[in-house]
Amino acid sequence: MSARTGSVKHVTSTANPLIKAVRALHQRKARAESGLFLAEGHKLVLDALAAGWTPTMIVAMEPATDAVSDLGARVRALGADVVFANAAVMEKVARRENPQTVIGVFEQHLADPKTMPAGTIVALEEPRDPGNVGTIIRTADAIGAAGVILIGSSADPFGVEAVRATMGSIFHMPLARMDADAFARFAAARPGPMIGTHLAGSVDIRTIDAGPSHILLMGTEQSGLTAALAQRCDSLVRIPMAGKADSFNLAIATAIGLYELRRPHL
Ligand code: SAM
């Protein structure tokens, strides 16, 4: 437990510098500079606490319900500051009408991929859509994957939209970022095959036995896997399709791929 009890402030103005700093976390630049991110919702903050994450601060709706007051006391005891704000200020912080009653500010944590245990790693090459990134982190968590790796420049997993889509899994799933060269070295050193998903894959994913430990590699939304990474895969698999769509959405394809590869282990 932190030696310091967090402070309490009551804010009524959207011009308050603290409120401005929290609002700025909707922007990627401010998140990169501060190393912080926002998690919206009472339940999400409770999930974070249960997973061992302590916010640096929460902004909580005033007048506070008993449950919100209890949460405020709990995080203060852990050293987090609590800012009580009226509905108008909460709307500004959340950038939406009908905001959540609690918004948590957390430090970003990334995992060292070498510490990811045996099992399934989901690797995404330059995913652009934050909703896809968040949904994939949630799906990887649900299926019991060992970790998620974002390769190259990608949507920010700590953006509000991505965090919202994770539904709390951002606090559970080991997450790493690396460039393509570092990823290639990591993949070569990790036991088990790397299975790439590709529209032109020569193998039907339903026939694959990837063993208990493997990497599932997904391509970017617009143009799929680059040749450089595709050629490093042990297999390129396709997910059979029957209709007129040219491909599955990235998050949907990841869910199908994960289910096929994890099926023997569920
Ligand atoms: N136009 C892109 C292309 O040519 O690959 C479509 C990319 S798709 C929206 C995003 C990713 O989902 C792909 O790179 C691949 O990893 C996976 N994917 C989607 N549908 C797939 C399928 N039927 N078989 C294998 N992978 C698929």
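In each ligand, atom 1 is the first atom listed, and ligand 1 is the first ligand listed. The figures that follow rest on heavy atoms only: side chains count, while hydrogens, waters and symmetry mates do not.
- Pairing each heavy atom of Leu225 with each of Leu217, the nearest pair is CD2-CG, 3.6 Å.
- The nearest pair of heavy atoms linking Phe183 to Ile215 is CZ-CG2, 4.1 Å.
- By the 3.5 Å distance cut-off applied to N or O atoms, Met241 is not counted among the residues near ligand 1.
- Of all heavy-atom pairs between Gly224 and Glu125, the closest is O-OE1, 4.3 Å.
- Using modelled atom types, one finds no donor on one side chain facing an acceptor on the other under 3.5 Å when comparing His42 with Gln100.
- Among all protein heavy atoms, the one lying closest to atom 4 (O) of ligand 1 is Leu199 CD1, 3.7 Å.
- Panel note: side chain Arg128, backbone Ala155; no donor-acceptor pair is recorded below 3.5 Å.
- Interface of Val237 with ligand 1, defined as ligand atoms under 4.0 Å from a residue heavy atom, comprises 25 (C).
- For atom 24 (N) of ligand 1, the nearest non-hydrogen atom of the protein is Ile239 N, 2.9 Å.
- Counting only heavy atoms of the protein, atom 2 (C) of ligand 1 lies nearest to Gln222 O, 3.4 Å.
- A distance of 6.5 Å separates CG in Leu78 from CG in Leu49, rounded to the nearest 0.5 Å.
- Contact between Met61 and Phe84 at its shortest, heavy atoms only, is O-CD2, 4.4 Å.
- In the vicinity of Arg238, heavy-atom distances shorter than 4.0 Å reach the ligand 1 atoms 24 (N), 25 (C).
- Heavy-atom proximity to atom 5 (O) of ligand 1, evaluated over Ser247, Gly224, Ala245, is greatest for Gly224.
- The shortest contact between atom 15 (C) of ligand 1 and any protein heavy atom is with Thr197 OG1, 3.4 Å.
- Heavy atoms of Glu221 found under 4.0 angstrom from ligand 1 belong exclusively to the backbone.
- Atom 13 (C) of ligand 1 has as its closest protein heavy atom Gly219 N, 4.1 Å.
- Side-chain contact check for Leu236 versus Val203: every heavy-atom pair is 4.5 Å or farther apart.
- Considering backbone and side-chain atoms alike, Ala253 places every N or O at 3.5 Å or more from each N or O of ligand 1.
- Only backbone heavy atoms of Thr220 (N, CA, C or O) come within less than 4.0 Å of ligand 1; its side chain stays farther off.
- Atom 19 (C) of ligand 1 has as its closest protein heavy atom Phe248 O, 3.3 Å.
- Thr56 OG1 to Asp81 CG: the interatomic distance, rounded to the nearest 0.5 Å, is 7.5 Å.
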